[in-house]
Protein chains: 2
Amino acid sequence: MTLSHSSFPDLGDGNAASHHARTTRGPSMADVAREAGVSSQTVSRVANGLSNVEETTKKRVLDAMQKLGYRPNRAARALKSGRFKSIGVIMFTLSTFGNMRTLDAIATAASRAGYSVTLIPLTDPTTGKVSGAYHQLREQQVDGVVIIFEAHLLDHADIALPEDLPAVVIDSNAGSGYSVVDTDQHQGARLATEHLLELGHRQVWHIGGPDSSFSALHRAESWKQTLEEAGIKAPEVLHGDWSAESGYRIGLELGKNPAVSAIFAANDQMALGAMRAMHELGRAIPEDVSIVGFDDLEEAASFWPPLTTIRQDFHAVGRLSIENLLHQIAGDTPARDVSVPTRLMVRKSTAPPAPGRSV
Amino acid sequence: MTLSHSSFPDLGDGNAASHHARTTRGPSMADVAREAGVSSQTVSRVANGLSNVEETTKKRVLDAMQKLGYRPNRAARALKSGRFKSIGVIMFTLSTFGNMRTLDAIATAASRAGYSVTLIPLTDPTTGKVSGAYHQLREQQVDGVVIIFEAHLLDHADIALPEDLPAVVIDSNAGSGYSVVDTDQHQGARLATEHLLELGHRQVWHIGGPDSSFSALHRAESWKQTLEEAGIKAPEVLHGDWSAESGYRIGLELGKNPAVSAIFAANDQMALGAMRAMHELGRAIPEDVSIVGFDDLEEAASFWPPLTTIRQDFHAVGRLSIENLLHQIAGDTPARDVSVPTRLMVRKSTAPPAPGRSV
DNA sequence: CTGAAAGCGCTAACAT
DNA sequence: ATGTTAGCGCTTTCAG
C-alpha cells in the first residue's frame, strides 16, 4: 500500500511555505481554451457534453483538458447556474446500523449520478437542540435533501424546508407533502408474526420500539392486526428503546411468565437482549421460547442461537431515495411513496412450542 | 411532529410550477447593502465578523440581514476566496461500527467549527475500482480531507493527494508525510492479553484480522510481545476477516483443542463468532474458555455471556482528526501523530482457568 | 457550429 | 470606518 503526495501537473517548483494553504488554483476553462485555440465557450460546451460541437474541435478540447489536467470548478458553476450537483443528507444520528447502511447506499447512488453528498447534522452540538434546518439549508447549497428520521428525537422539531427544495423522507408516515421511501414495516411485522403462528404458537408477545417512533408504531400495529386476524387477542406492547439493554429488561419480565413461548422483538438488538434474559433465566431457545428479531444485523446469524429475523433492505431504501430525489430535481414527478419489501430469515431461534407448554 | 414546507420570507406568491426547481435565489449582499444604506463591502465585513465596523452601522446591517432573511452564498465565497469551509471524508466503506462512530464525531466537530462535511466514496461504484481520488478531490472543493482506512481494501491503491491539501489519516502506520490519528492498538492488545494472563491463563490464542490490515497487524504484534515478555512463546495467529462468520470458523478449530483456555479476538464480531463455536462445542464460557474482544460494540454487553472487551474511543478519534486538520488548514503545524488510549471492559466472558485444564 | 459579452455574489486591494 | 474597483471561473444570452 502506498499513500503519497503527488505534485500538481502544472507545478514543478517547490512549495510556497505560505501560511494559508490551498493557494494553488488549477487550470481554468480559459487556459484550456487558449491551449486548444478555441473560445472558453466551446470548452464549456464540451465540458457539459452538449451536442453541438464538431468532432475535431471536441477532440482538440479534450486533449487540451487532458494535457493541463483540467477539472471544472464547482463553485463557479454553482454560482452561475444556481445548481450544485450536491445533495444533502439530514440526519440525527449516524450510529445505527440501518442509518449507516442507508447512508452508504445514498453516497454510492449519488456519486454514480455525479452528485456529491453533504452531511447536515441537525442537532446543534453546542445546544443539543434541533436548530434552524431551514437556514442551514439555504446556506448549504444543495439541490435536494434526503431526511433520515429518528422519530423519537423529533417530538418538538419542526423541519421547515424551503418550498422549492426537492426532498425525500426516509420514514413511514412523514406526513404532508413529501416523497417517502421506507421499508415496508407492515409486511415485515406480519412476516414475523405469521412465522411464529405457523410454527404453532398460540400467542406472540411483542417487544416494541419507543412509542414515538413511527417504524415502531407500524410494526406493532401490524403484529396486532396479524394476531387478530388469527382470532387472537394481542397482549400489551412492551416498549423498549431499541437498545439490547431494554430488550434484556423486558425479556426478564417476559421470561418469568411460563405462558410466554413466542416473542417478536422490533429490532435485533432488543431480540439479543431478550435472548440474554432467557439464558439467564434458564429458558432454552428455541425449545422453551422462540424469538424473532427485525433488521438482520450482520451479526444476527452468529448470535446464540442464530437469530431468526426480518431482513430490511437498507441498500434499496438508500438507492431508491436518491432515484426519487433525482427525478424531483430534474423536474419530473416521481412515485410519491415507495415501499421496500422485507424477507424472513429463518435461523435457529424459532421452533414449534414444546408440547403442553403454551397456554 | 410536524414537517412542513415554509415559504420564503420574501416570497408571498404561489409556486412557479416551473420545470427546473431552485430558480429562487435569496437576497444578496447587494440587497442587504441597499436596505441598510451601506456598501456591500461593509456587509461583507459584518458577515465575516471583522472588527472595523462601527457599532451602529453593524446593527443596521444586521437588521437588514434579518429582515431580508439573508444567507451568505458559499459558492460565491468559495469562488472568490479559494476556501470552502468544507472538509472531505474519504472512506471505503461506511458499514462498520467504528467508521460510522468516527464519521459521526467528525461531522459534529466539523459542523461546530462551521465546516460542512462532504463524503467522498473512493471506490468507483461502476467499476468497483479505486479511482482517481486525486481528480475527485480537485473537483470537490474541500479545504482538507480525513481519510478513514480499510487497509485490506487498499492493497493496490495509490491515494495521491494534491501536495498542498491538508490531510489526516485515521489508521496506524499510514506512512509518509501525513498526520495520523488512531486508537492505540498496541496498548489495547496489551490490555487484553495481560488481563487473560493475570487471570492465570498460561497461554493466549489470538484470532487476528486480515493480514493486510494495519490495525490487525499491530494488535497481533502487541499480543505476541506481551506474551513473550511473560516468557510465553506465542502460537500462530489465526487470521479471520473481521466477520463473525470467520470467528466462528476459527473458534470451531480452537475449541476442539482442550488446551485452549483463553482467546483474544481482534474484534467483537469475531469474538461473537468464537463464542457461538464454543456454545456449539459445549465448551462453557468462561469456565472452560475465556474470550476477550476488541471495539466494545453497543451490543457486546448483551452477548451471551456479556463480552469482556477493549473499548475504542471512536468519538475521540473523530474529534481529534478534525482538530488536527483544522490546525493544518489554519497553517499551524499540529502534533503529527495522535494516539487515543483504550479501556478494558471486564464483563462475564473471562475468568480464571479451570484447575488442571490448561497446559 | 462557434464566439463575444455580461454577470452570478462575493472578497482582496486599494482608495478615501 | 467605509466605499470603489476588479475579478474569481463559469454559464446564459445573443450574434454571427
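All of these numbers come straight from a predicted model, not from anything done at the bench.
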Tell me whether the side-chain N/O atoms of B/Thr42 come closer than 4.0 Å to OP1 or OP2 in D/dG3. yes
Could you list the residues that satisfy salt bridge (Lys or Arg N to Asp or Glu O under 4.0 Å) with A/Glu323, not counting sequence neighbours? A/Arg319
CZ of A/Arg74 versus P of C/dC10: gap in Å, rounded? 20 Å
Rounding to a whole Å, what distance do you find between B/Lys80:NZ and C/dG7:C1'? 14 Å
Looking at B/Arg83, I'd like to know whether one of its side-chain N or O atoms comes within less than 4.0 Å of OP1 or OP2 on C/dA12. yes
Quick one: does A/Arg45 reach the base of C/dG3 with a side-chain donor-acceptor pair under 3.5 Å? yes
What I want to check is whether an N or O donor and acceptor connect the side chain of A/Gln41 with the base of D/dT13 at under 3.5 Å. no
Is any side-chain nitrogen or oxygen of A/Asn73 closer than 4.0 Å to OP1 or OP2 of D/dC8? no
The helix from C/dC1-D/dG16 to C/dT16-D/dA1: angle between terminal helix axes, five bp per end, to the nearest 10 degrees, reads 30°
Salt bridge check, A/Asp104 against A/Arg101: does any charged N sit closer than 4.0 Å to a carboxylate O? no
Are any side-chain N or O atoms of A/Arg83 and backbone N or O atoms of A/Ile329, one a donor and one an acceptor, separated by less than 3.5 Å? no
Is a donor on one side and an acceptor on the other found under 3.5 Å between the side chain of A/Asp182 and the backbone of A/Ile170? no
What is the separation between atom CG on A/Leu79 and atom P on C/dA6, rounded to the nearest whole Å? 18 Å
Taking salt bridge (Lys or Arg N to Asp or Glu O under 4.0 Å) as the definition, give me every residue that meets it alongside B/Asp63, ordered by chain and number, with sequence neighbours left out. B/Lys59
What is the separation between atom NZ on B/Lys58 and atom P on D/dT2, rounded to the nearest whole Å? 11 Å
Of the non-hydrogen atoms in A/Val168 and A/Ser321, which two are nearest, and what is the gap between them? CG2-O, 3.7 Å
Could you tell me how far apart B/Lys85 (NZ) and C/dT11 (P) are, to the nearest whole angstrom? 11 Å
Smallest separation among heavy atoms of A/Gly88 and A/Ile120, with atom names: CA-CD1, 4.1 Å
From CZ of B/Arg77 over to C1' of D/dC10, roughly how many Å is that when rounded to an integer? 20 Å
For the pair made of CG in B/Leu50 and P in D/dG3, what is the distance, rounded to whole Å? 15 Å
Qualifying residues under side-chain hydrogen bond (donor to acceptor under 3.5 Å, both in side chains), relative to B/His327, sequence neighbours excluded: B/Asp332
Could you work out, with side-chain hydrogen bond (donor to acceptor under 3.5 Å, both in side chains) as the rule, every residue matching B/Ser179, not counting sequence neighbours? B/Asn324, B/Gln328
Respond yes when some side-chain nitrogen or oxygen of B/Ser44 is under 4.0 Å from OP1 or OP2 of C/dT11, and no when none is. yes
Taking DNA chain D as the partner, which of residues 28-40 of chain B come within under 4.0 angstrom of it by heavy atom? B/Val38, B/Ser39
